[in-house]
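Read the structure below first, then the notes.
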Amino acid sequence: MRINIAIDGPSAAGKSSVADKLAERLGYIHLDTGAMYRTVAYLCDIKNIDVNDEKSVVKALDEATIDVKSDGTIYLDDEVVNDKIRDPKISMQASTVSKNPQVRARLVAMQQKIATSKGYILDGRDIGTVVLKDAEVKIFLVADALERAKRRVNQQAQKGVMLDLDEVLADINRRDLQDTNRAASPLKKADDAYLIDSSFLTLDEVVDKILEIIKEKVKEG
Ligand code: DC
């Protein structure tokens, strides 16, 4: 039985790495919904649109085409944007465009359409509460902010990018605050989501925990 899995949680909690590993173990497809908000922020950046100007952002989005392939490649019109959307400047702008209800409506519709055939793992902020309310397994992945900042610094260092821990921590706290307090679909644990604190767990330990939950659910269902 193929199911859908929702993974939500704050920035840099490891959602994407967990979802990637799970997808590999299960033969499922991982859809990184944050990358879609980041692509809208990148679109604003290259078009010189203020991310707070809601009307102009929606107009630009309606004139563009965002296409997410099953291997995770993201196209903005004809351009592959996977690396460009990871710039720290884009992170905060993505958090701001994600407050826009009309942007959310458009991206949520795309995400729901993609996941209709099941066998998907979606990670984001509103997957269990809005996008896939009926997902068979919902996970809310949290971790201490300092641990998340340290992980982000280490991850980037491995790619040769040196970041300042205090700046990364401040950025994480700013985004958490904005993502949790926005009016439209704020970051929130769904009532039926399993809470996993990954602060002191390895990636494999988190993945094993989720595989156990999936096994139980599939047995029940
Ligand atoms: O997961 P991420 O850090 O790449 O996401 C970038 C921003 O997009 C994040 O600050 C909040 C927003 N987002 C959202 O509002 N809803 C989602 N489902 C995914 C991301």
Side-chain angles (χ1 to χ4, degrees), residues 4-20 22-23 29-45 51-52 54 57-58 61 66 68 72-74 76 81-115 120-133 135 138-143 145 147-149 151-153 155-156 163 167-190 193 198:
N4 278 335
I5 302 164
I7 304 181
D8 290 301
S11 305
K15 301 183 299 292
S16 236
S17 312
V18 167
D20 269 342
L22 266 181
I29 294 171
H30 168 207
L31 177 66
D32 175 355
T33 65
M36 298 168 76
Y37 290 92
R38 286 172 179 271
T39 302
V40 180
Y42 174 72
L43 169 70
C44 295
D45 194 54
V51 281
N52 289 295
E54 298 206 342
V57 174
V58 173
L61 176 56
I66 295 177
V68 190
T73 309
I74 305 180
L76 172 62
V81 296
N82 292 63
D83 290 338
K84 292 165 188 152
I85 60 173
R86 297 292 152 196
D87 189 295
K89 176 176 84 176
I90 299 294
S91 303
M92 196 61 211
Q93 290 181 342
S95 174
T96 302
V97 293
S98 75
K99 292 195 292 181
N100 183 327
Q102 293 189 64
V103 169
R104 300 204 71 81
R106 284 157 176 76
L107 297 189
V108 166
M110 284 173 65
Q111 293 155 12
Q112 289 173 330
K113 194 167 165 212
I114 291 172
Y120 279 84
I121 303 165
L122 269 61
D123 85 286
R125 305 293 188 289
D126 59 341
I127 310 302
T129 53
V130 176
V131 181
L132 299 179
K133 270 199 201 140
K138 298 181 184 177
I139 306 293
F140 198 74
L141 189 63
V142 298
E147 287 305 318
R148 287 187 273 143
R151 282 184 202 160
R152 183 53 44 99
V153 169
Q155 237 174 27
Q156 292 302 111
L163 297 177
E167 269 175 32
V168 173
L169 181 59
D171 177 63
I172 282 178
N173 284 329
R174 257 198 312 272
R175 283 211 287 150
D176 281 358
L177 191 73
Q178 180 155 277
D179 295 344
T180 313
N181 291 295
R182 68 179 179 224
S185 316
L187 169 66
K188 191 169 160 270
K189 178 184 166 302
S198 75

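Please read all numbers here as calculations on a predicted model, not as lab measurements. Index from 1, following the sequence. For the numbers below, each heavy atom of this structure counts, side chains included, while hydrogens, waters and symmetry mates do not. Indexing begins at 1, ligand by ligand and atom by atom, following the structure's order.
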May I ask you to check whether R174 and S91 show a side-chain donor-acceptor distance below 3.5 Å? no
Counting only nitrogen or oxygen atoms and a 3.5 angstrom limit, does R104 reach ligand 1? yes
Against heavy atoms of D126, which atoms of ligand 1 measure under 4.0 Å? 16 (N), 17 (C), 18 (N)
Within-4.5 Å side-chain heavy-atom neighbours: R106 and M36: no
Of all heavy-atom pairs linking D176 and P10, the shortest is OD1-CB, 3.4 Å
Where does R175 meet ligand 1, judged by heavy-atom distances below 4.0 Å: at the side chain, the backbone, both, or neither? side chain
Looking only at protein heavy atoms, which one is nearest to atom 19 (C) of ligand 1, and what is the separation? T33 OG1, 3.4 Å
Specify side chain, backbone, both or neither for Q178, according to which of its non-hydrogen atoms lie closer than 4.0 Å to ligand 1. neither
Passing candidate, side-chain contact (heavy atoms from CB on, under 4.5 Å) with V131, options Q111, R125, M110: Q111
Within-4.5 Å side-chain heavy-atom neighbours: T33 and I127: yes
Taking C-beta and beyond as the side chain, do L122 and I7 meet within less than 4.5 Å on heavy atoms? no
Identity and distance of the protein heavy atom lying nearest atom 8 (O) of ligand 1: Y37 CB, 3.5 Å
Within 4.0 Å of some non-hydrogen atom of G124, the atoms of ligand 1 are 17 (C), 18 (N), 19 (C)
Sub-4.5 Å side-chain heavy-atom contact between H30 and S16: yes
heavy-atom search around atom 20 (C) of ligand 1 in the protein gives G34 CA, 3.5 Å
Check each heavy atom of R182 against ligand 1 and say whether those closer than 4.0 Å belong to the side chain, the backbone, both or neither. side chain
Between S98 and R182, do the side chains contain an N or O donor and an N or O acceptor separated by less than 3.5 Å? yes
Could you tell me whether S11 and ligand 1 have an N or O pair separated by under 3.5 Å? no
Pair K188 + D8: basic N to acidic O under 4.0 Å: no
In the protein, which heavy atom is nearest to atom 1 (O) of ligand 1, and how far is it? R125 NH1, 2.9 Å
Which bit of M36 is near ligand 1, meaning a heavy atom under 4.0 Å away: side chain, backbone, both or neither? neither
Closest protein heavy atom (residue, atom, distance) for atom 4 (O) of ligand 1: R38 NE, 2.6 Å
Mark up the atoms of ligand 1 that fall under 4.0 Å of a heavy atom belonging to D179, in ascending order. 9 (C), 10 (O), 11 (C)
May I ask you to check if ligand 1 and K15 share an N or O to N or O distance below 3.5 Å? no
Is it true that K189 and D126 make a salt bridge, defined as a side-chain N closer than 4.0 Å to a carboxylate O? no
contact_flag M92 ligand 1 heavy-atom lt 4.0 Å: no
Residue, atom name and distance, where the atom is the protein heavy atom closest to atom 7 (C) of ligand 1: A94 CB, 3.9 Å
Report, as yes or no, whether the 6.0 Å neighbourhood of atom CG on D83 holds more than 12 heavy atoms from other residues, nucleotides or ligands. no
